[in-house]
Number of protein chains: 2
Amino acid sequence: MSVILTTPAKKRSTRTAPEIRARSFDRVTDRPSQIENLLSQKEQDRLREIATVLEYRRGGLTIFSEGEDAHFVYAIDEGVIRISRHAENGQRQILAFMVPGDLFGLPDGGMHVNTAETVSAVRLYRFPWQQLVRMMMEEPQLQLNLLVRVAYDLRQAQRQIMILGQQSTDQRLAFLLLDFLRHPEFYDERDGRLRLPINRFDLADYLGIARETAVRAIAKLERDGLLRRIDSETIQILDVAGLRAMQLGRRRRSASTD
Amino acid sequence: MSVILTTPAKKRSTRTAPEIRARSFDRVTDRPSQIENLLSQKEQDRLREIATVLEYRRGGLTIFSEGEDAHFVYAIDEGVIRISRHAENGQRQILAFMVPGDLFGLPDGGMHVNTAETVSAVRLYRFPWQQLVRMMMEEPQLQLNLLVRVAYDLRQAQRQIMILGQQSTDQRLAFLLLDFLRHPEFYDERDGRLRLPINRFDLADYLGIARETAVRAIAKLERDGLLRRIDSETIQILDVAGLRAMQLGRRRRSASTD
DNA sequence: CGCCGACTTGACACCAATCAAGATAAGTGG
DNA sequence: CCACTTATCTTGATTGGTGTCAAGTCGGCG
């Protein structure tokens, strides 16, 4: 069975072709998503029964928005998405970028509190939340798996709190770059080239700085010989150790001086 | 059965008497901790079987430190604790203050990644992690309860990311004050007096600012007529609405201007 | 009474947000 | 293929905010 989903046209979209395709979950990929790794064959089969595959053809598409009723949770099979939230004054903060294997969309009081949008073309697995809850009550191992994932997200969030609470602009940028260096999807270790899948807007909103400040931070690291800009979305990393060292410096003294 | 635990003497401690007492979990409080609310009587009984009550007599005591092996999780029955983490350069960031009903100490790879310390006198329930896991595998409802709690912590962490990424010093302070206003334990709505259970060190390390900056922010809110300092740990709130309004202003324009 | 830690205030330099303007690149329509 | 539009990226100038160093005050405790 094949289903075509429609989404409200994005402001920057000029296409009219369907951006998303959905179909039932069977043999769509040879790389199993991480959620399957810890589960028995039987459990995987049951998950497949309730899952739908969604395909988003490009970046900038909304998967769900904060405030909407939440009926599904999602797992990424391919591509990058961003999780963001808007303050009451309208400012956007990007809470996380998520990559294949990550899970997102857990409801909070039946609603989505965050917004999820594609950064690149994306393939997702979509699970009906109610059915998933029923399954989890019967399969404790499945529930434990979900618990581990949420706990991981919590650790990641705390990590970002550390960055935003303590690091200078340059350090924040180094932190983001080092994170992306771990993904061979974006970083070619041989020639040292990193293709940043995110634009300066997203980068700034993630690091909690202004867009111009982000650009200047990149320019500074370039002056310092740590990297070289190829084009706006590609940079060549010249000194990984230097980036790491930069994170160790201190922006401000700790309030609690021992 | 009564057990006496010992902890390494704290630097500011001059006492020699035992700071912590532990005893088995039975009828120690007439106010049930929140973890019990959603559980059946049978499940509560089972929880009691594996729980121990710990009492810390004062603030500044370490419950566990980052890097230690994690064998227990904890629930707060009474008092306030702080969860912190130290960056590689030694800077401390306070990730959260936790109050009665909150749960903390979930292991990550068998270890504690954060440090937990008492802010005031505290009574805790301590649960052996392994036994709790076994119970959860048999009682899905218990596990779901834990999942809900971790998800809640994640939302709180994301909330702090919003604050640290977007808000000015004054706004951050207003945010913290408004949070404490919700707890009748600290805020007397009649005379408007707020007893801050945390010192300026903790306050600054929580908000990601320098200690002096925190003091100056308080002074500024006082000049603006929003509050009045009684003594270093007590302030009188004069304009709650003004504090709320302060949070809505924007420190900087969003990077993603629509 | 004197010490000590926590709190507070002042001075100053520097970093980053903001406003402004230009550069680059990709798309669009002629 | 070229002019035009638009979005994104980049750089400059300016100002306010915040970290840091320094000094002083306050309160508790021995």
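Reckoned from all heavy atoms, side chains included, excluding hydrogens, waters and symmetry mates. Protein chains get the first letters and strands the later ones, always in sequence-line order, with residue 1 at the start of each.
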Nearest whole Å is fine: how far is D:dT18 C1' from B:Lys220 NZ? 13 Å

C:dA16, C:dC7, D:dT11: which one has an atom nearest the side-chain heavy atoms of A:Ser168? C:dA16

Using atom CZ of B:Arg200 as one end and atom P of D:dG19 as the other, report the distance to the nearest whole Å. 16 Å

Could you tell me whether A:Arg172 contacts a base, only the sugar-phosphate backbone, or nothing, with contacts defined as non-hydrogen atoms closer than 4.0 Å? nothing

Can a side chain N or O of B:Thr169 be found less than 4.0 Å away from OP1 or OP2 on D:dT18? yes

Check this for me: A:Glu189, atom CD, are more than 12 non-hydrogen atoms of other residues, nucleotides or ligands nearer than 6.0 Å? no

All side-chain hydrogen bond (donor to acceptor under 3.5 Å, both in side chains) counterparts of A:Asp191, not counting sequence neighbours: none

Compute the centroid of each ring, for B:Phe64 and then for B:Phe72, and state whether the two points are separated by less than 6.0 Å. no

Does A:Thr213 put a side-chain nitrogen or oxygen below 4.0 Å from OP1 or OP2 of C:dA17? yes

Can you measure B:Asp231 atom CG to D:dT25 atom C1' for me and round it to whole angstrom units? 15 Å

Checking A:Gln167 against A:Arg172 for the side chain to side chain donor-acceptor pair (under 3.5 Å) test, could you report, in this order, the C-alpha distance in whole Å, the side-chain angles of both residues, the deciding distance, and whether it holds? CA-CA 6 Å; A:Gln167 306 267 80; A:Arg172 296 181 195 202; over 6 Å; no

Quick test: give all pairs of protein nitrogen or oxygen and nucleotides 20-26 of chain C nitrogen or oxygen below 3.5 Å, distance rounded to 0.1 Å.
none

For the pair made of CZ in A:Phe201 and C1' in D:dT10, what is the distance, rounded to whole Å? 12 Å

Is the backbone of A:Arg229 close enough, under 3.5 Å, to the side chain of A:Glu222 for a donor and an acceptor to pair up by distance? yes

Output the rounded distance in Å from CD (B:Gln91) to C1' (D:dT20). 13 Å

From CG of B:Leu164 over to P of D:dT18, roughly how many Å is that when rounded to an integer? 13 Å

Taking CD from B:Gln167 and P from C:dA16, how many angstroms apart are they, rounded to a whole number? 19 Å

For atom CG of B:Leu221 and atom P of C:dT8, their distance in whole Å: 13 Å

Mutual orientation of the aromatic rings belonging to A:Phe104 and A:Tyr74 [parallel < 30°, tilted 30-60°, perpendicular > 60°]: parallel

Side-chain contact, heavy-atom cut-off 4.5 Å: B:Ile198 with B:Leu176? yes

Could you check B:Ile198 against B:Arg216 and say which one's nearest nucleotide on DNA chain C is further toward the 5' end? B:Ile198

